[in-house]
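The structure appears right after this line, and notes come after that.
In this chain, residues are counted from 1 in sequence order.
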Amino acid sequence: MSNLEKSGTFTLGERAVTRLGYGAMQLAGKGVFGPPKDGAEAIAVLHEAVDSGVNHIDTSDFYGPHVTNQIIREALHPYRDNLVIVTKIGATRGADASWNPAFSKEALTQAIHDNLKNLGLDAIEVVNLRAMFDVHGPAEGSLEEPLTVLADLQRQGLVKHIGLSNVTAKQIADGRKVTEIVCVQNQYNLAHREDDALIDQLAAERTAYVPFFPLGGFSPLQSSTLSDVAADLGATPMQVALAWLLQRAPNILLIPGTSSRPHLRENLAVADITLPASAIEKLNGIASAKDK
């Protein structure tokens, strides 16, 4: 058993992946735009991740744009048989680094072909459709047309499985009328827990939930409670935040990102951390305290 397998596995599409994966967003430059500051280190991070047992990498061709996928291909192609690469479509980047919706049939089709080319794949294991009705969080709006396009690309053999990102429970239910939804990727962490009920529902349905910004994203988690629990356990606050997510529900797959090997090792060491019930009780109060 590899160290990461201590955290368990969960089925993503048809493949069992370790619950601790890797998110490639930070391999791009500042603001997820342009090339990385240290290209050699970016490649080294990917090598060490897969050598450590990571078999789930999350990426997108709009990271950079194109940058992270090209780095992944340079570092890891030809890919190991057990490696699952997940990408997302539904947005493009402007010359000013803005994030813009890209839901037309032409844009979605081009996005799939760009991902295939830059990753060096004949088919993508999982493609998440990223809803863009509100860049900052889920907002209602119909995803029927873009999902229909994606389902057609799936029938063509270019996509194996389909997921959703930045979506509401209604959009998931409506999406399942168009195609099977194998995972949901929304913002969720110790302080941002709007999806609590949704996670429990998806767990009962054996559907993977992949929290993005598990450590707070562009506004890193800061809590005296988190720091105190971490000090008691001899871990870092960010390790404790990730460990809490692993223990929150069995269907949660983590994709913390980093552009440095020491930080990668710190993230992967979370597989060895088991939070006692007393620590979980304290950590569960963080979201409530934030809302007061």
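Between atom CG of residue Asn251 and atom CD of residue Glu205 there is a gap of 9.5 Å, rounded to the nearest 0.5 Å. Annotation: the span from Thr11 atom OG1 to His161 atom NE2 amounts to 10.0 Å, rounded to 0.5 Å. Expressed to the nearest 0.5 Å, how far CG of Asn186 lies from CZ of Phe213 amounts to 12.0 Å. The distance from atom CZ of Phe103 to atom CG of Leu150, rounded to the nearest 0.5 Å, is 10.5 Å.
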Given the rule in the side chain to side chain contact (heavy atoms under 4.5 Å, CB included) test, do Tyr209 and Gln201 qualify, once you have shown the distances and angles that lead to the verdict?
CA-CA 10 Å; Tyr209 183 93; Gln201 175 188 332; over 6 Å; no
Check the pair Val50, Tyr79 against side chain to side chain contact (heavy atoms under 4.5 Å, CB included), reporting the backbone distance first and the verdict last.
CA-CA 10 Å; Val50 297; Tyr79 302 111; over 6 Å; no
Let's go through Thr9 and Arg15 carefully: what are the C-alpha distance in whole Å and the side-chain angles of both, what is the deciding distance for side chain to side chain donor-acceptor pair (under 3.5 Å) to 0.1 Å, and is it a yes or a no?
CA-CA 10 Å; Thr9 62; Arg15 309 278 292 277; over 6 Å; no
Check step by step if salt bridge (charged side-chain N to carboxylate O under 4.0 Å, His left out) holds for Lys105 and Glu145.
CA-CA 8 Å; Lys105 179 179 181 180; Glu145 289 189 17; over 6 Å; no
So Asp58 and Tyr63, side chain to side chain contact (heavy atoms under 4.5 Å, CB included) or not? Walk me through it.
CA-CA 11 Å; Asp58 181 88; Tyr63 294 163; 4.2 Å; yes
Side chain to side chain contact (heavy atoms under 4.5 Å, CB included) for Val54 and Leu20? Distances and angles first, verdict last.
CA-CA 7 Å; Val54 168; Leu20 262 172; 6.0 Å; no
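Every residue meeting the ring pair (Phe, Tyr, Trp, His ring centres under 6.0 Å) condition with Phe62, not counting sequence neighbours, appears here in chain and number order: Trp99. Listed by chain and residue number, Arg261 satisfy the side chain to side chain donor-acceptor pair (under 3.5 Å) test with Glu41 (two or more places apart in sequence, or in another chain). Considering only residues two or more places apart in sequence or on other chains, Arg248 meets the side chain to side chain donor-acceptor pair (under 3.5 Å) condition with Tyr188, Asp196, Asp200. Partners of Glu74 according to the side chain to side chain donor-acceptor pair (under 3.5 Å) rule, which considers only residues two or more places apart in sequence or in another chain, do not exist here. Legend: residues meeting side chain to side chain donor-acceptor pair (under 3.5 Å) with Asp61, ordered by chain and number and at least two apart, are His66, Asn69, Asn118.
Summarising the geometry of Gly120 relative to His77, their closest heavy-atom pair is O-NE2, 3.1 Å, with the distance given to 0.1 Å. Contact between Pro138 and Asn166 at its shortest, heavy atoms only, is N-OD1, 3.3 Å. Shown here for Pro256 and Leu254, the closest heavy-atom pair between the two residues is CD-C, 3.4 Å.
In this structure, Gln156 places its CD atom where more than 12 heavy-atom neighbours from other residues, nucleotides or ligands lie under 6.0 Å away. Heavy atoms from other residues, nucleotides or ligands lying under 6.0 Å from CG of Asp96 number more than 12.
Val210 forms part of a hydrophobic cluster together with Phe10, Leu12, Val17, Val84, Val86, Val126, Val182, Leu253, Ile255, judged by ILVMFWY side-chain heavy-atom separations under 4.5 Å.
Hydrophobic clustering (ILVMFWY, side-chain heavy atoms < 4.5 Å, transitive): Val135 and Phe33 are in distinct clusters. A continuous path of ILVMFWY side-chain contacts below 4.5 Å connects Leu268 to Ile273, so both sit in one hydrophobic cluster.
With contacts defined as side-chain heavy-atom distances shorter than 4.5 Å, the pair Pro36/Leu27 does not qualify.
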